[in-house]
Amino acid sequence: MSDSYSDKNLQDEVSELETKSVTAARLFDIRRIIGGLFVVYGVIVTIAGFVASDDDIDKAQGVNINLWTGVGMLVLGVFFLAWLKLRPTAPPVPPLEEGEGEGEGGGEE
């Protein structure tokens, strides 16, 4: 009886760890990190573009390069975050235990 109780506890712990693993994988998805960094830096560079002086614009041959680069970074960051939202990572498929796959179409007769 204690054997089945410990098996149940073990199964509960394994399922809890799998849930935590999936949550950690989604939290540290590279799209979230890249998108977040591009949005933050894009906001900073866009603000620098709005407050650019005429001398700064003249150095860039009349183009407000900070403004355009900041807007581009914002667009790219929003793209990555939208991609993450629209196509989230799929949870990993649990491995088949020994004996589950036996007898289903692949064995000899």
Side-chain angles (χ1 to χ4, degrees):
M1 183 125 148
S2 64
D3 207 32
S4 66
Y5 179 74
S6 65
D7 287 345
K8 174 79 170 121
N9 285 343
L10 182 63
Q11 288 174 353
D12 290 343
E13 286 183 35
V14 167
S15 64
E16 182 180 334
L17 287 174
E18 286 176 347
T19 304
K20 287 181 182 179
S21 175
V22 169
T23 303
R26 288 186 179 161
L27 180 64
F28 293 110
D29 189 352
I30 192 73
R31 296 175 293 181
R32 181 183 313 261
I33 295 168
I34 291 173
L37 285 174
F38 267 101
V39 167
V40 169
Y41 290 138
V43 167
I44 292 169
V45 174
T46 302
I47 291 171
F50 280 129
V51 298
S53 67
D54 291 334
D55 290 336
D56 292 335
I57 295 173
D58 288 340
K59 286 180 189 177
Q61 299 178 355
V63 177
N64 193 345
I65 195 71
N66 284 338
L67 181 64
W68 288 108
T69 304
V71 169
M73 291 173 80
L74 281 171
V75 168
L76 185 63
V78 168
F79 167 75
F80 271 98
L81 294 176
W83 180 21
L84 176 70
K85 186 72 171 171
L86 295 174
R87 303 280 287 200
T89 55
V93 178
L96 292 176
E97 292 184 19
E98 294 178 29
E100 274 187 34
E102 291 180 14
E104 293 181 11
E108 295 180 49
E109 293 182 17

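Note on Ile44 and Phe38: same hydrophobic cluster, where clusters join Ile, Leu, Val, Met, Phe, Trp and Tyr whose side-chain heavy atoms are under 4.5 Å apart, directly or indirectly. At a threshold of 4.5 Å between side-chain heavy atoms, the hydrophobic network of Ile, Leu, Val, Met, Phe, Trp and Tyr places Val40 and Phe80 in one connected group. Both Ile30 and Phe79 are part of a single hydrophobic cluster, where members link through side-chain heavy atoms under 4.5 Å apart. Ile47 and Ile65 fall into different hydrophobic clusters, where Ile, Leu, Val, Met, Phe, Trp and Tyr side chains are chained together by heavy-atom contacts under 4.5 Å. No chain of hydrophobic side-chain contacts below 4.5 Å, direct or via other Ile, Leu, Val, Met, Phe, Trp or Tyr residues, connects Ile34 to Val75.
Leu84 places a side-chain heavy atom less than 4.5 Å from the side chain of Asp29.
Scanning all heavy atoms of the two residues, the minimum distance from Met73 to Tyr41 falls at CE-CB, 3.4 Å.
Atom CD1 of Ile57 sits about 9.0 Å away from atom CG of Asn66, to the nearest 0.5 Å. Here NZ of Lys85 is found 12.0 Å from CZ of Arg31. Values are rounded to the nearest 0.5 Å.
The closest donor-acceptor contact from the side chain of Asn64 to the backbone of Gly49 lies under 3.5 Å.
Remark: of the listed residues Val39, Thr69, Val45, Val39 is the sole one forming a side-chain contact (heavy atoms from CB on, under 4.5 Å) with Leu74.
For Asp58, the CG atom counts as densely surrounded, since its 6.0 Å shell holds more than 12 non-hydrogen atoms of other residues, nucleotides or ligands.
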